[in-house]
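The figures that follow rest on heavy atoms only: side chains count, while hydrogens, waters and symmetry mates do not.
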Amino acid sequence: MESVAAFAWNGWQASSGISGNLGLEYALGLQFGPNQLTYTVLYASGDGNEQDGDFDAFIATDVDFSDSMIFQENMTSDDYFAETPYILDKGYFMNKLQLDHKVAANITVSGMIVYNRLAEDIALADGSSSKDLGLEFGSKVSYFPYPSLELSAEAAYLASGDAMDALEETALQDGKSDQDIVHVAGRVRYKF
């Protein structure tokens, strides 16, 4: 069993006292035979009241996260929703369960389920609010014909939650998410 934790704090001294914001990622892995089962939780605080004049959200720059194929970095590396562990100023809260199966020494197949939500509510067009970004299902296959050459493909589907309505085009915003998201990518990577 393997356990990994990352803790980040960005705090500052304010005239009304000390304030700060939290980012946390924790992963727990269990190895059994050719399988690895990993549970990952990621939390980054968000701003619950953008009208109060205080920006209370965890902010980071140039952070690489790849736990969600839809919301974070993926194989294409330049076509993803966010490079950061938060969305807008609302933070991010993710729970992920992933199973990796080593078919052979050079082939790995993975499947995952990810529950994505915001740390704080986001206002929707119908006057309601939501944190629910949706449930994501993903799979990936990696093949190494040679140690320095990787051929891989991945696919993900997001059953969008209502909070995604705030991220749709203005004409589509009605308080309910209208579009689920599908992501498919492949790559050939050679390491020198």
Side-chain angles (χ1 to χ4, degrees), residues 5-11 19-28 38-76 78-99 111-140 154-185:
F7 175 79
W9 170 265
N10 69 356
S19 62
N21 302 289
L22 175 68
L24 175 68
E25 182 174 15
Y26 181 77
L28 178 65
T38 307
Y39 170 71
T40 305
V41 62
L42 182 140
Y43 176 81
S45 63
D47 191 353
N49 182 0
E50 60 270 0
Q51 306 301 322
D52 66 4
D54 292 330
F55 187 73
D56 300 322
F58 178 77
I59 299 297
T61 56
D62 195 21
V63 180
D64 296 322
F65 284 95
S66 58
D67 291 308
S68 165
M69 290 182 213
I70 301 291
F71 291 104
Q72 298 162 350
E73 291 185 50
N74 50 55
M75 282 186 185
T76 56
D78 62 350
D79 185 21
Y80 50 88
F81 194 87
E83 180 184 65
T84 56
Y86 51 86
I87 296 172
L88 303 175
D89 64 345
K90 300 303 177 191
Y92 186 56
F93 185 47
M94 179 209 73
N95 285 280
K96 173 182 166 183
L97 190 60
Q98 179 169 329
L99 178 65
M112 66 177 187
I113 185 167
V114 184
Y115 180 57
N116 297 285
R117 66 181 286 135
L118 298 170
E120 299 291 340
D121 284 325
I122 193 166
L124 303 177
D126 66 353
S128 65
S129 63
S130 179
K131 295 179 183 179
D132 182 24
L133 293 169
L135 192 59
E136 177 181 343
F137 303 91
S139 61
K140 177 181 177 181
E154 68 181 12
Y157 173 80
L158 177 72
S160 295
D162 286 342
M164 290 297 289
D165 182 63
L167 306 173
E168 292 177 342
E169 294 180 31
T170 306
L172 297 175
Q173 293 180 357
D174 59 3
K176 301 285 183 208
S177 177
D178 299 313
Q179 299 293 320
D180 291 342
I181 297 173
V182 175
H183 161 81
V184 178

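- The closest side-chain heavy-atom distance from K131 to K90 is not below 4.5 Å.
- With sequence neighbours excluded, the residues forming a side chain to side chain contact (heavy atoms under 4.5 Å, CB included) with S130 are L124, D132, D162, A163, listed by chain and number.
- Scanning both residues, A119 and Y43, for their nearest heavy atoms gives CB-CE1, 3.7 Å.
- The minimum heavy-atom distance linking I122 with A166 is given by the pair CD1-CB, 3.7 Å.
- In terms of modelled atom types and a separation under 3.5 Å, the side chain of S160 and the main chain of Q179 share a donor-acceptor contact.
- Among all heavy-atom pairs drawn from G91 and L118, the shortest one is O-CD2, 3.6 Å.
- Distance OG1/T38 to CE/M112: 12.0 Å, rounded to 0.5 Å.
- Residues passing the side-chain hydrogen bond (donor to acceptor under 3.5 Å, both in side chains) test with Y157, sequence neighbours excluded: D180.
- Looking at heavy atoms from C-beta onward, Q98 lies out of side-chain contact with T40 at the 4.5 angstrom threshold.
- With rounding to the nearest 0.5 angstrom, the OH atom of Y115 is 4.5 Å from the CZ atom of R117.
- The CZ atom of F93 sits 11.0 Å away from atom CG of N116, with the distance rounded to the nearest 0.5 Å.
- Summarising the geometry of M164 relative to I181, their closest heavy-atom pair is CE-CD1, 3.6 Å, with the distance given to 0.1 Å.
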